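Structure first, commentary second.
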Amino acid sequence: MLPEVTATRYVTPLREGGSLPGLVEADDLGTYVMKFTGAGQGRKTLVAEVLCGRLAQRLGLRVPELVRTWLDPVIGLSEPDEEVQELLKASGGLNLGMDFLPGSLGFDPLAYQVDPEEAGRVVWFDALVNNVDRSWRNPNMLVWHGDLWLIDHGATLIFHHNWPTAQAAAERPYDASDHALAPFAPLVEEAATALAPRVTQDLLAECAAEIPDEWLVDEPGFADPDEVRAAYAEVLESRARTIHERITLGEPSKDGPSQAPGWLTGKGGDAK
């Protein structure tokens with residue numbers, strides 16, 4: 001189970017995307033980037049963060065440590081921003097924190113070089129979980145102590161917004177042409193050879209077991225949280241076998257809009 005902390009002070013909002021994460025201090029004296037159940041995308045964003053974050057870590061990719069974070073909305077009473085106050089009021093109880101990496105820098109492909117092997121592993125992983133939001137427009141990567149770290153996996157596993165289509169999702173291609181690491185000649189085939197055999201039912205079950213029951217209860221079409229966990233594992237195991245055959249690395253778009261859905265960007269629209 002993920003470590004558990006209690007938020008003791010709300011420091012500041014991080015105004016990126018539509019989820020409005022915030023920086024908080026906790027009772028273990030740690031500082032965390034917190035994502036809230038009361039945000040527009042709801043608990044499924046947190047489910048994606050846990051499952052993808054833990055899976056990435058188990059596959060050797062760098063992701064900040066995750067913690068279960070308890071929130072008493074009273075800590076937001078002194079927050080002057082009404083939007084933040086409403087978010088905290090709506091998020092009492094269990095939320096998710098990610099270890100804050102002090103001094104980290106946003107990934108810049110002009111300033112930081114990524115070797116083709118590491119680029120291939122990240123692109124392959126993003127294809128596996130169908131990450132629609134690690135493009136050059138919004139890399140969602142940090143450089144910390146000279147290493148590349150992956151953050152923000154809320155825009156993955158989009159099939160869980162429409163479970164009847166989940167099996168079909170396992171066969172969907174992945175266009176990595178606009179991926180932030182596409183310019184580094186990612187070795188996708190080599191990544192698949194190294195990583196795909198490790199994405200087993202046992203590994204996926206271990207990662208899914210860390211998703212709190214509270215975020216899986218009452219999912220339409222499922223009897224209990226364990227059935228939902230098994231459904232995630234089934235889709236991802238199936239997708240891992242052959243997704244490398246359906247990754248496209250073509251010419252990047254020049255100035256087109258983000259392909260991220262409206263529910264992610266905060267610009268409206270429904271998940272399909």
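It should be emphasised that the depicted structure is a prediction, and the values quoted were computed from it without experimental measurement.
One hydrophobic cluster, built from ILVMFWY side chains closer than 4.5 Å, holds both Val84 and Val74. Transitive grouping of hydrophobic side chains (ILVMFWY, heavy atoms separated by less than 4.5 Å) keeps Leu187 and Leu61 in distinct clusters. No single ILVMFWY cluster, assembled from side-chain heavy atoms under 4.5 Å apart, contains both Leu66 and Met1. Following chains of ILVMFWY side-chain contacts shorter than 4.5 Å, one can reach Phe36 starting from Leu77, so the two form part of one hydrophobic cluster.
Considering His153, Arg68, Glu210 as possible partners of Val50, the one that fulfils the side chain to side chain contact (heavy atoms under 4.5 Å, CB included) test is Glu210.
At least one side-chain heavy atom of Leu128 sits less than 4.5 Å from a side-chain heavy atom of Leu55. Taking 4.5 Å as the limit, every side-chain heavy atom of Phe159 sits out of range of all side-chain heavy atoms of Arg239. Using a 4.5 Å heavy-atom cutoff, the side chains of Leu181 and Leu148 are in contact. By the 4.5 Å heavy-atom criterion applied to side chains, Pro64 and Phe100 are not counted as neighbours. Looking at heavy atoms from C-beta onward, Leu94 lies in side-chain contact with Trp215 at the 4.5 angstrom threshold. With contacts defined as side-chain heavy-atom distances shorter than 4.5 Å, the pair Glu189/His244 qualifies. Put simply, the side chain of Val235 reaches to within 4.5 Å of the side chain of Gln167, judged on heavy atoms. Side-chain contact between Pro186 and Val122 is absent, with no heavy-atom pair separated by less than 4.5 Å.
Taking CG of Asn130 as the start and CG of Leu236 as the end, the distance is 10.0 Å to the nearest 0.5 Å. Interatomic distance, CZ of Arg9 versus CG of Asp27, reported as 14.5 Å (0.5 Å rounding). If you take CG on Asp126 and CD1 on Ile243, they are separated by 11.0 Å, rounding to the nearest 0.5 Å. In this structure, CZ in Arg58 is found 13.5 Å from CG in Leu195, a value given to the nearest 0.5 Å. For the atom pair Asp72 CG and Thr6 OG1, the distance stands at 9.5 Å (nearest 0.5 Å). Rounding to the nearest 0.5 Å gives a distance of 11.0 Å between OH of Tyr32 and CG of Leu96.
Formation of a donor-acceptor pair under 3.5 Å by the Thr69 side chain with backbone atoms of Gly97 is found in this model. For Lys35 (side chain) and Thr45 (main-chain N/O), no donor-acceptor pair under 3.5 Å exists by modelled atom type. With hydrogens and angles ignored, the 3.5 Å screen pairs a side-chain donor or acceptor of Ser177 with a backbone N or O of Gly250. With Thr200 contributing its side chain and Leu203 its backbone, the two residues share a donor-acceptor pair below 3.5 Å. At distances below 3.5 Å, not a single donor-acceptor pair connects side-chain atoms of Arg229 with backbone N or O atoms of Leu216. Distance alone, capped at 3.5 Å, is enough to place a donor-acceptor pair between the Tyr112 side chain and the Gly146 backbone. With hydrogens and angles disregarded, no donor-acceptor distance shorter than 3.5 Å links the side chain of Glu118 to the backbone of Val114. Remark: side-chain polar atoms of Thr248 are not paired, donor with acceptor, to backbone N or O of Asp175 under 3.5 angstrom. Without hydrogens or angle criteria, Tyr232 side chain to Ala48 main chain gives no donor-acceptor distance under 3.5 Å. For Glu25 (side chain) and Val11 (main-chain N/O), no donor-acceptor pair under 3.5 Å exists by modelled atom type.
Contact between Ala240 and Ala196 at its shortest, heavy atoms only, is O-CB, 3.5 Å. Closest heavy-atom contact between Ala7 and Ile75: CB-CD1, 4.1 Å. Scanning both residues, Ala127 and Ile247, for their nearest heavy atoms gives CB-CD1, 3.5 Å. The nearest pair of heavy atoms linking Ala180 to Phe107 is O-CE2, 4.0 Å. Considering all non-hydrogen atoms of both residues, Gly221 and Glu227 come closest at O-OE1, 4.4 Å. Summarising the geometry of Ser238 relative to Glu171, their closest heavy-atom pair is OG-OE2, 4.2 Å, with the distance given to 0.1 Å.
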- What do the steps show when you test Glu79 against Lys89 for salt bridge (charged side-chain N to carboxylate O under 4.0 Å, His left out), and what is the final call? CA-CA 11 Å; Glu79 171 59 44; Lys89 288 178 184 178; over 6 Å; no
- Query: Could you go step by step and tell me if Leu23 and Thr31 meet the side chain to side chain contact (heavy atoms under 4.5 Å, CB included) rule?
  - Reply: CA-CA 7 Å; Leu23 196 65; Thr31 304; 3.7 Å; yes
- Candidate pair Ile211 and Arg43, rule side chain to side chain contact (heavy atoms under 4.5 Å, CB included), full reasoning: CA-CA 10 Å; Ile211 305 170; Arg43 64 189 186 184; over 6 Å; no
- Evaluate the side chain to side chain contact (heavy atoms under 4.5 Å, CB included) criterion for residues Trp124 and Leu59: first the C-alpha distance (whole Å), next the side-chain angles of each, then the deciding distance (0.1 Å), finally the verdict. CA-CA 11 Å; Trp124 182 86; Leu59 294 177; 4.2 Å; yes
- Task: Please lay out, stage by stage, how Arg54 and Leu2 fare under the test side chain to side chain contact (heavy atoms under 4.5 Å, CB included).
- Result: CA-CA 10 Å; Arg54 294 299 288 132; Leu2 295 176; 3.8 Å; yes
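A salt bridge does not link Asp115 to Arg121: none of the charged nitrogens lies less than 4.0 Å from a carboxylate oxygen. A salt bridge does not link Arg134 to Asp152: none of the charged side-chain nitrogens sits closer than 4.0 Å to a carboxylate oxygen.
Atom CD of Glu251 sits in a sparse spot, with 12 or fewer heavy atoms from other residues, nucleotides or ligands closer than 6.0 Å.
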